[in-house]
Amino acid sequence: MTRDAGWATSPPMITTRFAPSPTGRLHIGNLRAAMLSWLTARKGGGCFILRIDDTDAERSKEEYVDAAKADLTWLGLEWDRYERQSERMARYEAVAQQWREMGRLYACYETPTELELRRKRQLSMGKPPVYDRSALNLTKDQIAAYQAEGRRPHWRFKLDQERVEWEDQIRGHVSVDCASVSDPVLIRDDGGFLYTPCSVVDDIDMEVSHIVRGEDHVTNTATQIQMIRSLGAEPPTFAHHSLLVGATGEALSKRLGSLSLASFRERGVEPMALLSLMARLGTSDPIEPRRERQALAEGFDISRFGRAPARFDEAEIDRLNASILHETPYEEVANRLQAAGVHDEIAEQLWLAVRGNLGQFADIETWAKIVAEGATPDIAPEDAEFIPQALALLPEQPWGETAWKDWTDKVKAETGRKGKALFMPLRKALTGQERGPEMAALMPLLRPPKG
RNA sequence: GCGCCCUUCGUCUAGUGGUUUAGGACGCCGCCCUUUCACGGCGGUAACACGGGUUCGAAUCCCGUAGGGCGUACCA
């Protein structure tokens, strides 16, 4: 598929896809693949496909399909097109038949146990555990015997024993020798299609131009390129990103449960904190807190990602989360404040006074409560006499902009206290907290403490 | 076991033989702001995994060692 300059007056449309299998919740590793695919499409004004890889009827669950959509929607990673592989079985069947006719797909009768044994034997002899293609040499009688036994065949794609090479947008020049790769099983003995053929057929049919996925697919890519070419199509552009590892460098697969997107949501993480990290982690570009998805797409360049595994540190999320909150204007959270039960009359003032001290949005509730009900004062033993004395000097309500200064000036004059010894006890008496917003800004919203 | 990939400040990384006293971001530390903490602003600290080569000269090239990731499925 070569394009001449005259025809390609506009750049070719970029199409990417994210293809999760609904066998579990989406986790942070999935997000990396989804996010990079989404950004690749969005940056070029292209098309992002959400494709549910649900060909395995046994393990796929509808609840996970819904959950994946909910997770992506929560993050704002909207898709332009939605596909389900389970609805395309007839198409895969047709391609399989085409491959059979071409002699590229052949029936095998080994059981999983037999294959396992054979691999072990090869390993113990110091040989790579590559399928030996013995099914290709089966006689008619042997096949008949297997069938009489009730064995159903599984089907393998016959690889050309050649070196497959491509220019990967992240990994550079990649070369895989297919002579050292087993012919991939495409169809199981129960007739079910595996991931590989469906993916290949879909990517061709849906005109996917850029496949962005984890490096665990690098070897697959070689076999997929052969399949794509066997169908007369041109392989798309590939970008295989490194996988994430934990904060201490351990493989992330061990703790994916605690790293589900749902768990981040439940913990009160802002979607943009997650996206800000994922869009830049692994590049040398600064990981900046962003509130706009499009801003992330504009500075995005897939080729800036490195090949080394990147550490995912949850503390980074918390920092980004806080920074994002600190600079979020009132208009963007007005609805959420209302939902949190903050009175409209004070919502904006409260937000502007308190946002700089929030680690997560829900922290606003603490301050809303203090403002609405008054705080339970926190009085250190050494301030037991000082606080009642100071409270007696509190100005008349309503407290205005100068209330804090008026009060502290007065208390200072009466008691001779100054500096931290003056301000900290007053802060703790009024808010019950030892850290918090600028008191001058907060005081007009406060009321005298309880008790 | 074998194959592929990776290893620069605590973290993400720039760097493709001299322009490097190895750059940036985050963290950390300090200072400033605030007659308090936090928030914010400014500045500083800090690294080429190890061992051999090649070269006038190596973070950069080669070999080896160690460590890590991935693959080697009738998973994706």
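Order of the sequence lines sets the chain letters (A, B, ...), proteins ahead of strands, with each chain counted from 1. Not measured: the values here are computed from a predicted model.
Taking every side-chain heavy atom of A:Ala308 into account, B:C6 is the closest of B:C6, B:U72, B:U35. Side-chain proximity of A:Arg188 to B:A76, B:C6, B:C74: nearest is B:C74. Of the candidate nucleotides B:G69, B:A73, B:G71, B:G71 has the atom lying nearest to any side-chain atom of A:Asp216. Side-chain proximity of A:Arg156 to the nucleotides B:C70, B:C26, B:C74 is greatest for B:C74. With B:G1, B:C39, B:C74 as the candidates, the nucleotide lying closest to the side chain of A:Pro129 is B:G1. Closest contact between the side chain of A:Ala251 and the listed nucleotides B:G69, B:U35, B:G71 involves B:G69. For A:Glu215, whose side chain is taken as the heavy atoms from C-beta onward, the closest listed nucleotide among B:A25, B:C12, B:C70 is B:C70.
Between A:Lys412 atom NZ and B:U35 atom P the separation is 10 Å, expressed in whole Å. We find that CD of A:Glu288 is positioned 13 Å from C1' of B:C12, with the value rounded to whole Å. In this structure, NE2 of A:His326 is placed 7 Å from C1' of B:C39, rounded to the nearest angstrom. To the nearest angstrom, P of B:C37 lies 17 Å from CG of A:Asp378. Taking atom CH2 of residue A:Trp407 and atom P of nucleotide B:U35, one finds them 16 Å apart after rounding to whole Å. When rounded to the nearest whole Å, the span between CD of A:Glu58 and C1' of B:A73 equals 17 Å. Atom CG of A:Leu244 is separated from atom C1' of B:U11 by 13 Å (rounded to the nearest Å). A straight line from CG of A:Leu281 to C1' of B:G27 spans 15 Å, rounded to a whole angstrom.
For the P atoms, the distance linking B:C28 with B:C70 amounts to 30 Å, nearest Å. Comparing the same atom, C1', in B:C50 and in B:G41 gives a spacing of 43 Å after rounding to whole Å. Here the separation of B:U60 from B:U19, taken at their P atoms, is 14 Å to the nearest Å. B:U16 sits 15 Å from B:U7 when the P atoms are compared, rounded to a whole Å. Taking the C1' atom of each, B:G10 and B:A46 are spaced 9 Å apart, rounded to whole Å. On the P atoms, B:C4 is 34 Å away from B:A47, given to the nearest whole Å. Using atom C1' as the reference point in both B:C12 and B:C75, the two lie 31 Å apart (nearest Å). Going from the C1' atom of B:U21 to that of B:C61 covers 25 Å, rounded to whole Å.
Residue A:Arg319 places none of its side-chain N or O atoms closer than 4.0 Å to OP1 or OP2 of B:U11. A close approach under 4.0 Å does not occur between any side-chain nitrogen or oxygen of A:Arg59 and OP1 or OP2 of B:C75. Phosphate contact (OP1/OP2 of B:G71, side-chain N/O of A:His217, threshold under 4.0 Å): absent. Look at A:Arg171 and you won't find any side-chain N or O under 4.0 angstrom from OP1 or OP2 of B:C5. Note on A:Arg307: every side-chain N or O is 4.0 Å or more away from OP1 and OP2 of B:C5.
A:Asn357 comes within 4.0 angstrom of a base, heavy atoms only. Within the nucleic acid shown, A:Leu123 comes within 4.0 Å of at least one base atom, counting heavy atoms only. Looking at heavy-atom distances under 4.0 Å, A:Ser242 makes no contact with the nucleic acid at all. Among the atoms of the strands shown, only primed sugar atoms or phosphate atoms (P, OP1, OP2) are found under 4.0 Å from some heavy atom of A:Leu194. Contact annotation for A:Asp177: no contact, since no heavy-atom pair falls under 4.0 Å across all strands. If you check every strand for non-hydrogen atoms under 4.0 Å, A:Lys127 touches nothing. Using a 4.0 Å heavy-atom distance criterion, A:Asp409 is classed as a base contact. Among the heavy atoms of the strands lying under 4.0 Å from A:Arg311 are primed sugar atoms or P, OP1, OP2 only; no base atom is included. Residue contacts shown for A:Gln433 are absent, as no nucleic acid heavy atom lies under 4.0 Å away. Contacts of A:Glu316 with the nucleic acid, taken as non-hydrogen atoms under 4.0 Å apart, involve only primed sugar atoms and P, OP1 or OP2. Looking at heavy-atom distances under 4.0 Å, A:Pro437 makes contact with a base. In this structure, A:Gly436 reaches the bases: a heavy-atom distance under 4.0 Å links it to at least one base atom across the strands shown. Residue A:Thr219 is classed as a sugar-phosphate contact, given heavy-atom separations below 4.0 Å to backbone atoms only.
Of the two residues near RNA chain B, A:Pro153 and A:Gly356, the one whose nearest nucleotide lies more 5' is A:Gly356. Along RNA chain B, the nucleotide nearest to A:Leu115 and the one nearest to A:Glu434 differ in position, and the one closer to the 5' end is contacted by A:Glu434.
Between the side chains of A:Arg119 and A:Gln122, no donor-acceptor pair of N or O atoms lies under 3.5 Å. Side-chain atoms of A:Thr221 and A:Arg213 form a donor-acceptor pair, as typed in the model, at a separation below 3.5 Å. A donor-acceptor pair shorter than 3.5 Å can be found between the side chains of A:Arg163 and A:Ser175. Side-chain contact of A:Gln147 with A:Tyr109: a donor-acceptor pair under 3.5 Å is present, judged by distance alone. Side chains of A:Glu250 and A:Thr248: a donor-acceptor N/O pair is present below 3.5 angstrom, by distance only. Looking at A:Ser134 and A:Glu110, their side chains do bring a donor and an acceptor atom within 3.5 Å of each other. Donor-acceptor pairing under 3.5 Å is recorded for the side chains of A:Asp183 and A:Tyr106.
Under 3.5 Å, the side chain of A:Asn220 and the base of B:A76 form at least one donor-acceptor pair of N or O atoms.
As the counterpart of B:U19, no nucleotide is assigned, since no Watson-Crick or G-U wobble pattern has both distances under 3.5 Å. The partner of B:U35, taking Watson-Crick or G-U wobble pairs whose two distances both stay under 3.5 Å, does not exist in any strand shown. Base pairing annotation: B:G43 forms a Watson-Crick or G-U wobble pair with B:C29, both donor-acceptor distances under 3.5 Å. Pair assignment for B:G1 gives B:U72, based on Watson-Crick or G-U wobble hydrogen-bonding distances that are each under 3.5 Å. Here B:A58 sits opposite no nucleotide as a Watson-Crick or G-U wobble pair (both hydrogen-bonding atom distances under 3.5 Å). Pairing for B:G67 is with B:C6, a Watson-Crick or G-U wobble pair whose two hydrogen-bonding atom distances lie under 3.5 Å.
Aromatic rings from A:Trp99 and A:Tyr92 are positioned such that their centres are separated by 6.0 Å or more.
Other residues, nucleotides and ligands contribute only 12 or fewer heavy atoms inside 6.0 Å of the NZ atom of A:Lys158.
Using a 4.0 Å cut-off between a side-chain N of Lys or Arg and a carboxylate O of Asp or Glu, A:Glu382 and A:Arg417 do not qualify as a salt bridge.
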